[in-house]
Amino acid sequence: MRAFLAMVTLCLCVLPAQAHQESEAFLNLTRADGAVTGTIDLAQQDLEIAVGQDFSESYPKEVIQYIRNGLSFQAADQSCALTLGEPTQQTRIGLPYISFPLRAACLEVGPVDMRYDLIFDISTRHLARVQILNTGAPIVQTISSESRVVRVGQGGTPARSFFVEAVWQGVIHILKGFDHVLFLIALLLPAALVRRDGSWQPAGSLPQILRRTAGIVTAFTLAHSLTLALAATGVVLPPARLVESTIAVTLILAALNNIRPLVSGHIWMLAFGFGLIHGFGFANVMAELDFSAGSFALGLLAFNLGVEVGQLALVLLLLPMLYALRHRASFRDRLMPGASAIAGLLATVWLVERAWDVRILPAL
């Protein structure tokens with residue numbers, strides 16, 4: 001019970017600060033002809049906070065200086081001279097971004113190390129997605145506050161490296177996509193229980209619990225894999241804001257179902273229906289990785305595999321505790337519905353933030 005309470009407390013302390021939308025930047029880089037060239041796309045909101053100015057009318061000169069101070073390139077022992085071109089406005093993951101062309105002149109031959117120190121002063125959870133475009137498959141890497149340097153070399157990258165990186169992107173997306181995590185927790189909370197005579201009761205046996213959990217996870221996996229493929233291939237492309245808002249609605253409904261069940265015997269049906277929505281959310285992030293046409297199928301497979309690995313890790317962490325707690329009345333009558341109510345409240349706040357584009361909860 002103490003371990004479960006500790007996990008729930010940790011989730012509830014962290015989740016309000018970050019929903020699915022995180023602070024992200026995107027870089028596309030090429031090393032050729034004595035320079036590194038490409039673009040850097042930064043969220044307008046992040047830049048406005050960083051320089052303390054509103055960009056509604058023009059881009060202040062402080063923005064250029066901020067980027068130059070936080071982005072550096074070095075070849076061997078020589079620094080590369082960085083210049084930034086005229087910015088343009090873009091839309092990424094449903095948010096306004098400012099895109100800057102860049103060129104770092106590097107006289108030394110060979111690979112170049114890029115150090116990225118932007119935005120971390122206002123959000124330690126900030127990530128920068130870096131795609132290095134040379135010959136062969138693109139190299140896709142992620143910069144975080146703990147790992148701020150990437151190498152921009154000449155030539156391609158082996159397919160195995162690309163595959164591993166795409167798997168890793170799927171893993172960190174499911175584990176850092178807190179609305180997805182909280183949705184899965186809400187679905188799994190009653191996995192070791194059955195609804196009988198108007199109340200939750202402990203499930204009869206471990207095989208029964210395992211079958212129910214397998215059904216929930218399999219249904220969610222099949223559903224989000226289907227819509228991830230449809231969205232990633234461009235067959236169905238719903239607006240990002242609509243998708244993110246609807247994901248919050250799925251969490252509200254899953255939480256309410258734990259408190260006042262409308263669907264208790266076939267939770268897998270909820271998992272499948274709502275998983276269709278979550279697949280579009282996964283696709284929004286995968287689209288930003290910008291896999292090349294030649295590696296698209298491999299990237300889709302690897303990213304989806306990473307999502308499943310992260311999902312399985314969550315199930316393996318949660319299920320033993322739920323099995324151990326199923327006979328405790330305090331868990332069935334208070335902790336499970338109470339945690340569900342808090343999850344539903346958080347999802348309601350996320351829904352308001354996403355649907356009306358307002359900030360209620362602070363970002364880390």
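Source: prediction; values computed, not measured. Because only heavy atoms are used, hydrogens play no part in the values below, and waters and symmetry mates are left out as well, while side chains stay in.
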| message | As a test of understanding, state which of F272, F280, F274, F282 forms a ring pair (Phe, Tyr, Trp, His ring centres under 6.0 Å) with H224. | response |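 With H224 as partner, ring pair (Phe, Tyr, Trp, His ring centres under 6.0 Å) holds for just one option, F282.
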Is there a side-chain contact between [X] and [Y] in this structure, where contact means two heavy atoms from C-beta onward sitting under 4.5 Å apart?
{"X": "L42", "Y": "V63", "result": "no"}
{"X": "L27", "Y": "Y116", "result": "yes"}
{"X": "T218", "Y": "W268", "result": "no"}
{"X": "Q141", "Y": "R151", "result": "no"}
{"X": "Q311", "Y": "E308", "result": "yes"}
{"X": "L71", "Y": "L102", "result": "yes"}
{"X": "M114", "Y": "V36", "result": "no"}
{"X": "V249", "Y": "L351", "result": "yes"}

Please round to the nearest 0.5 Å and tell me the distance separating atom [atom1] of [X] and atom [atom2] of [Y].
{"X": "D113", "Y": "R148", "atom1": "CG", "atom2": "CZ", "answer": "15.5 Å"}
{"X": "L127", "Y": "E24", "atom1": "CG", "atom2": "CD", "answer": "6.0 Å"}
{"X": "S340", "Y": "L182", "atom1": "OG", "atom2": "CG", "answer": "9.0 Å"}
{"X": "R125", "Y": "F178", "atom1": "CZ", "atom2": "CZ", "answer": "4.0 Å"}
{"X": "I49", "Y": "D54", "atom1": "CD1", "atom2": "CG", "answer": "11.5 Å"}
{"X": "L314", "Y": "I174", "atom1": "CG", "atom2": "CD1", "answer": "8.0 Å"}

| task | Report, as yes or no, whether the 6.0 Å neighbourhood of atom CG on L226 holds more than 12 heavy atoms from other residues, nucleotides or ligands. | result |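 Yes.
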| said: So for atom CD, which belongs to Q74, do other residues, nucleotides or ligands contribute more than 12 heavy atoms lying within a distance under 6.0 Å? | reply: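 Buried by this count: over 12 neighbours within 6.0 Å.
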Shared hydrophobic cluster for [X] and [Y] (ILVMFWY, side-chain gaps under 4.5 Å):
{"X": "V171", "Y": "L312", "value": "no"}
{"X": "I342", "Y": "L345", "value": "no"}
{"X": "L251", "Y": "V352", "value": "yes"}
{"X": "V149", "Y": "I67", "value": "no"}
{"X": "V235", "Y": "L242", "value": "no"}

| message | Regarding T88 and E86, do their side chains bring together a donor and an acceptor under 3.5 Å, going by distance alone? | response | no
| What's the verdict on side chain to side chain contact (heavy atoms under 4.5 Å, CB included) for I209 and L322, showing C-alpha distance, side-chain angles and the deciding distance? | CA-CA 10 Å; I209 296 171; L322 296 175; over 6 Å; no
Is the backbone of [Y] close enough, under 3.5 Å, to the side chain of [X] for a donor and an acceptor to pair up by distance?
{"X": "E353", "Y": "I360", "answer": "yes"}
{"X": "R92", "Y": "Y97", "answer": "no"}
{"X": "T227", "Y": "L276", "answer": "yes"}
{"X": "S145", "Y": "T124", "answer": "yes"}
{"X": "R31", "Y": "G110", "answer": "yes"}
{"X": "H126", "Y": "S23", "answer": "yes"}
{"X": "R195", "Y": "G198", "answer": "yes"}
{"X": "R332", "Y": "H327", "answer": "yes"}
{"X": "W200", "Y": "N258", "answer": "yes"}
{"X": "T250", "Y": "I247", "answer": "yes"}

| task | Start with the C-alpha distance between D179 and E244, add both sets of side-chain angles, then the distance that settles side chain to side chain contact (heavy atoms under 4.5 Å, CB included), and finish with yes or no. | result | CA-CA 9 Å; D179 45 3; E244 298 302 328; 4.0 Å; yes
What pair of heavy atoms forms the shortest contact from [X] to [Y], and how long is it?
{"X": "V181", "Y": "L175", "answer": "CG2-O, 3.9 Å"}
{"X": "R103", "Y": "T37", "answer": "CG-CG2, 3.8 Å"}
{"X": "V112", "Y": "C80", "answer": "CG1-SG, 4.2 Å"}
{"X": "A248", "Y": "R354", "answer": "N-NH1, 4.1 Å"}
{"X": "T213", "Y": "A191", "answer": "OG1-CB, 3.7 Å"}
{"X": "C106", "Y": "A75", "answer": "CB-CB, 4.1 Å"}

| Given L210 and L319, is the side chain to side chain contact (heavy atoms under 4.5 Å, CB included) satisfied, shown in steps? | CA-CA 9 Å; L210 292 175; L319 191 58; 3.8 Å; yes
| message | Students often mix this up, so state it plainly: with edges at 30° and 60°, are the rings of F220 and F183 parallel, tilted or perpendicular? | response |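 The rings of F220 and F183 sit tilted, inter-plane angle from 30° to 60°.
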| Close aromatic pair by centroid cut-off 6.0 Å: H180 and H278 | yes
| Y66/I119 under side chain to side chain contact (heavy atoms under 4.5 Å, CB included): CA gap, chis, key distance, verdict | CA-CA 10 Å; Y66 176 75; I119 313 300; 3.8 Å; yes
